[in-house]
Amino acid sequence: MSKEKAPLPPGSNFIRGIIERDLTANKYAEKQWAGSPGNAKHHQTAPVDPAKIRTRFPPEPNGYLHIGHAKSIFLNFGLAQDYHGICHLRFDDTNPEKESQEYVNSITEMVQWLGFNWENASENNLYFASNYFDEMYQAAELLIQNDYAYVDSQTADEMRENRGTLTEPGKDSPFRTRTVEENLTLFREMRDGKHPDGRHILRAKINMASPNFNLRDPAIYRIRRAHHHHTGDKWCIYPMYTFAHPIEDALERITHSLCTLEFEDQRPFYDWLMKKLVETGMLSQPVPKQTEFARLNLTYVVLSKRKLIQLVEEKHVSGWDDPRLPTLAGARRRGYTPAGFKLFTDRIGVSKADSWIEYLIFEDCMREVLNLDAERRIAVLDPIKLVIDNYEDGHSEDCFAPNHPLKEELGKRTVQLSKELWIEREDFMEEPAPKYFRLFPGNMVRLRYGYVVECTGCEKDADGNVTVVHCNYLPDTKSGTDGANSVKVKGNIHWVSAAHAYEAEVRLYDRLFKEAHPGEGDRDFLQDINPNSVQTITVQLESSLQSVNPGDCFQFERHGYFVADRIDSVKGKPVFNRTVTLRDAWQK
RNA sequence: UGGGGAGUCGCCAAGUUGGUUAAGGCUCAGGGUUUUGAUCCCUGCAUGCGAAGGUUCGAAUCCUUCCUCCUCAGCCA
């Protein structure tokens with residue numbers, strides 16, 4: 001009927017393309033899965049894997065997760081969900097010197113916070129690379145036995161010298177021709193602690209003249225006497241990422257191993273290893289395939305581990321969960337939500353092109369979800385007194401404010417109106433700017449959910465600063481009454497009754513960096529830090545805010561979204577963090 | 001200057017076995033609704049797909065050459 005093209009599937013991208021092609025080709029139709037990771041023999045008699053695809057999120061537990069990881073988390077877990085697959089959470093803990101349980105804990109907590117889990121009725125897909133050290137060791141011996149690996153005894157410096165350069169091939173190590181027996185003996189001695197750290201190293205035997213450095217006999221096992229947070233002191237040799245990661249994927253029967261672009265050059269080795277281990281019978285087809293995508297870059301934000309550590313250690317921020325940091329721990333404290341992250345990752349897509357996402361896209365995603373979720377409350381952030389001169393002294397009355405304009409079912413709450421109110425300083429101008437339609441002498445505005453008032457003037461101190469604004473109210477114009485619309489006004493300002501409001505602390509956060517690309521060129525990124533990235537103020541809040549729980553999010557009307565800080569709030573005295581402002585066409 | 005990648009509207013990003021007017025989102029501009037200058041709604045926004053040639057009835061999609069950017073020489077991941 002329609003001449004229109006069929007709508008494209010939402011979020012179409014090259015990775016989905018690959019998965020869909022693999023699925024229609026029935027590539028995994030006979031892939032077996034024994035319910036737990038293992039080698040070919042382990043899966044040999046198992047039933048066909050009920051998971052159509054398997055992906056994995058493989059963080060190294062050596063730091064805190066940040067927004068960039070969120071992209072990967074939503075990609076891997078999201079793809080698994082969409083294609084009836086399963087996503088594993090796997091800690092890539094092959095370097096004990098940098099890793100610790102503390103990081104493991106924070107990472108699992110954040111992945112769960114984003115809404116993902118790795119357990120279902122029959123499986124718990126939380127894995128550790130260190131659980132596969134036995135298999136990795138066996139794989140290394142298999143390689144040696146087939147003359148695909150050898151023990152090199154050059155020093156690190158010698159290895160570097162002999163690796164060649166971009167334009168010159170490397171030179172074979174003098175130890176490259178050791179016999180299988182010699183290599184096996186030496187490697188076992190390495191395992192048994194007979195050699196000091198760094199004395200020998202196991203290398204894959206591929207091609208020292210390859211134009212790809214990763215194929216110039218890459219190191220795959222090194223001696224390191226280090227206590228491992230999981231395996232303790234069982235091992236004094238540890239596998240390198242290059243070697244370990246493909247094996248981890250294969251043992252877990254991962255179908256699509258997604259990683260960032262910098263691992264692209266590693267793929268030939270990944271495939272080489274798979275081929276050799278299938279050849280030796282340790283693994284069986286189908287083996288996992290690595291696919292690379294571009295990592296996230298966000299303007300006004302740094303995501304490099306090194307820079308984040310520096311910001312924390314040099315105390316430019318309060319800690320790993322500082323609300324100004326792009327860490328997930330910081331984001332949660334800031335009031336950014338999992339739904340917002342989901343929207344964000346959907347919106348930016350995934351491709352192989354290096355790109356910089358504008359920070360406002362991220363903020364906008366948060367606004368979009370918060371607009372739907374957050375109840376409205378009233379806060380006067382920069383208070384100035386407004387006195388309704390014709391209102392009865394000492395009297396007060398109920399006004400009814402909807403908790404959410406888009407969700408009537410959330411009901412209304414009462415707020416008290418009285419003669420003396422707090423309003424925003426910026427809602428009054430003695431000399432109004434062009435197109436300003438708030439309070440100025442002679443102008444009428446509505447006190448939101450209350451009456452229309454007419455401004456009559458103001459008082460000023462000796463320096464000319466406005467101290468009190470005066471007005472009269474129009475008694476028949478109360479919101480919710482028949483006369484509410486008898487007077488049409490353009491301005492609508494919020495307020496709290498001075499007698500009923502309470503004083504509180506609010507933190508106004510702004511971007512941590514003032515430059516779109518911190519540290520661009522030769523600049524030190526620390527020089528680009530925004531000196532006004534946080535401002536702590538004392539405000540007047542409606543009383544209902546006093547009893548909220550840490551972590552609760554609200555829209556403070558006409559200001560933005562705020563969250564009760566999960567750390568610094570105390571019972572009956574929440575501290576609020578500004579998550580993001582409302583859009584403001586007037587300020588432009 | 002060896003290898004591996006990428007270049008489609010200000011920012012992302014579909015589309016690449018060649019086939020009519022190059023999706024969509026965000027930004028932006030203009031208009032409407034509105035008791036948040038918010039939200040929401042409507043309209044507009046690439047004769048052009050890094051550049052130049054070529055093949056073809058027809059090219060973002062194929063070929064050639066060139067340009068720009070990213071990435072690789074850890075016993076890190």
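Only a predicted model underlies this, so the values are computations on that prediction, with no experimental measurement involved. First the proteins, then the strands, lettered A, B, ... as listed; each starts at 1.
- The gap from the C1' atom of rU68(B) to that of rA29(B) amounts to 32 Å, rounded to the nearest Å.
- Summarising the geometry, the separation between CG on Leu474(A) and C1' on rU35(B) is reported as 15 Å, rounded to the nearest angstrom.
- With sequence neighbours excluded, no residue forms a ring-ring contact (aromatic ring centres under 6.0 Å, His included) with Phe428(A).
- Distance from the side chain of Asn492(A) is smallest to rU35(B) among rU35(B), rA73(B), rC26(B).
- Distance from the side chain of Gln555(A) is smallest to rU36(B) among rU35(B), rU36(B), rG37(B).
- Side-chain atoms of Arg446(A) lie closest to rU35(B) of the nucleotides rC26(B), rU35(B), rG3(B).
- Ranked by how close their nearest RNA chain B nucleotide is to the 5' end, Leu447(A) and Leu166(A) are led by Leu166(A).
- With hydrogens and angles ignored, no donor-acceptor pair under 3.5 angstrom links the side chain of Asn212(A) to the base of rG4(B).
- Here Phe344(A) lies out of heavy-atom contact (under 4.0 Å) with every strand.
- The pairing partner recorded for rU20(B) is none, the criterion being a Watson-Crick or G-U wobble arrangement whose two distances lie under 3.5 angstrom.
- Applying the side-chain hydrogen bond (donor to acceptor under 3.5 Å, both in side chains) criterion to Glu99(A), with sequence neighbours excluded, gives no partner residue.
- Electrostatic pairing of Arg188(A) and Asp192(A) does not count as a salt bridge here, judged by no charged N lying under 4.0 Å from a carboxylate O.
- Straight-line distance from the NE2 atom of His559(A) to the P atom of rG37(B): 11 Å, rounded to whole Å.
- Judged as a side-chain hydrogen bond (donor to acceptor under 3.5 Å, both in side chains), and not counting sequence neighbours, the contacts of Glu262(A) are Thr260(A), Arg295(A).
- Taking atom P on both nucleotides, rU64(B) is separated from rU27(B) by 42 Å, rounded to a whole Å.
- Atom CD1 in Ile493(A) sits about 17 Å away from atom P in rA38(B), given to the nearest Å.
- As rounded to whole Å, 12 Å separates atom P of rC70(B) from atom CG of Asn297(A).
- Base contact: Gly480(A) has a heavy atom under 4.0 Å from a base atom.
- When the P atom is compared between rC66(B) and rG24(B), the two are found 37 Å apart, to the nearest whole Å.
- For Arg163(A), the side-chain hydrogen bond (donor to acceptor under 3.5 Å, both in side chains) test picks out no residue, with sequence neighbours left out.
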Would you tabulate the nitrogen or oxygen pairs shorter than 3.5 Å linking the protein to nucleotides 39-42 of chain B?
unit_1  : atom_1 : unit_2    : atom_2 : d
rU39(B) : OP1    : Arg583(A) : NE     : 2.8
rU39(B) : O2'    : Asn371(A) : ND2    : 3.0

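- Rounded to a whole angstrom, the distance from the P atom of rA6(B) to that of rG50(B) is 13 Å.
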Letter per nucleotide, 5' to 3', of nucleotides 6-13 of chain B [B base touched, S only sugar-phosphate touched, - untouched; heavy atoms, 4.0 Å]: S---BSSS
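- Residue pairs meeting the salt bridge (Lys or Arg N to Asp or Glu O under 4.0 Å) criterion with at least one member in residues 355-365 of chain A, sequence neighbours excluded: Arg347(A)-Asp364(A), Asp364(A)-Arg367(A), Asp364(A)-Arg583(A).
- The distance from atom CG of Asp217(A) to atom P of rC72(B) is 21 Å, rounded to the nearest whole Å.
- Atoms CG (Asn207(A)) and C1' (rG3(B)) sit 12 Å apart, rounded to a whole Å.
- For Arg448(A), the salt bridge (charged side-chain N to carboxylate O under 4.0 Å, His left out) partners at least two apart in sequence or on another chain are Glu557(A).
- With sequence neighbours excluded, the residues that form a salt bridge (charged side-chain N to carboxylate O under 4.0 Å, His left out) with Glu397(A) are Lys478(A).
- Taking the six-membered ring for Trp and the full ring otherwise, the centers of Phe344(A) and Phe362(A) sit less than 6.0 Å from each other.
- When the side chain to side chain contact (heavy atoms under 4.5 Å, CB included) test is applied to Phe513(A), the partners found at least two apart in sequence or on another chain are Val302(A), Leu311(A), Pro518(A), Phe525(A), Asp528(A), Ile529(A).
- With both ends at atom P, the span from rU8(B) to rG3(B) equals 24 Å, rounded to whole Å.
- Going from the C1' atom of rA23(B) to that of rC49(B) covers 14 Å, rounded to whole Å.
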Gln290(A)/Tyr270(A) under side-chain hydrogen bond (donor to acceptor under 3.5 Å, both in side chains): CA gap, chis, key distance, verdict: CA-CA 8 Å; Gln290(A) 174 178 302; Tyr270(A) 191 108; 5.7 Å; no
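- Comparing the same atom, P, in rG48(B) and in rG53(B) gives a spacing of 14 Å after rounding to whole Å.
- Counting non-hydrogen atoms of other residues, nucleotides and ligands closer than 6.0 Å to NZ of Lys289(A) gives a total of 12 or fewer.
- Computed from coordinates, the Asp265(A) CG to rG4(B) C1' distance equals 5 Å when rounded to whole Å.
- Residues meeting the ring-ring contact (aromatic ring centres under 6.0 Å, His included) test with His404(A), sequence neighbours left out: none.
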Protein and nucleotides 74-77 of chain B: nitrogen or oxygen contacts under 3.5 angstrom:
unit_1  : atom_1 : unit_2    : atom_2 : d
rG74(B) : OP2    : Arg163(A) : NH2    : 3.4
rC75(B) : OP1    : Arg163(A) : NH2    : 3.3
rC75(B) : OP2    : Arg163(A) : NH1    : 3.3
rC75(B) : O2'    : Arg224(A) : NH2    : 2.6
rC75(B) : N3     : Gly198(A) : O      : 3.4
rC75(B) : N4     : Gln154(A) : O      : 3.2
rC75(B) : N4     : Ala156(A) : N      : 3.4
rC75(B) : N4     : Gly198(A) : O      : 3.0
rC76(B) : OP2    : Arg222(A) : NE     : 3.3
rC76(B) : OP2    : Arg222(A) : NH2    : 3.2
rC76(B) : O3'    : Asn95(A)  : ND2    : 3.4
rC76(B) : O3'    : Arg222(A) : NH2    : 3.3
rC76(B) : O2'    : Asn95(A)  : ND2    : 3.0
rA77(B) : OP1    : Thr94(A)  : OG1    : 2.9
rA77(B) : OP1    : Arg222(A) : NH1    : 3.4
rA77(B) : OP1    : Arg222(A) : NH2    : 3.0
rA77(B) : OP2    : Tyr241(A) : N      : 2.9
rA77(B) : O3'    : Asp92(A)  : OD2    : 3.1
rA77(B) : N6     : Gln266(A) : OE1    : 3.2

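- Using P as the reference atom, rA46(B) and rG25(B) are 14 Å apart when rounded to the nearest Å.
- In summary, the side chains of His200(A) and Asp152(A) do not present any donor paired with an acceptor at a separation below 3.5 Å, with no hydrogens or angles considered.
- Heavy atoms of Pro405(A) sit under 4.0 angstrom from at least one base atom.
- Across all strands shown, Phe437(A) has heavy atoms under 4.0 Å from base atoms, whether or not it also approaches the sugar-phosphate.
- rG7(B): Watson-Crick or G-U partner is rC67(B), with both key distances under 3.5 Å.
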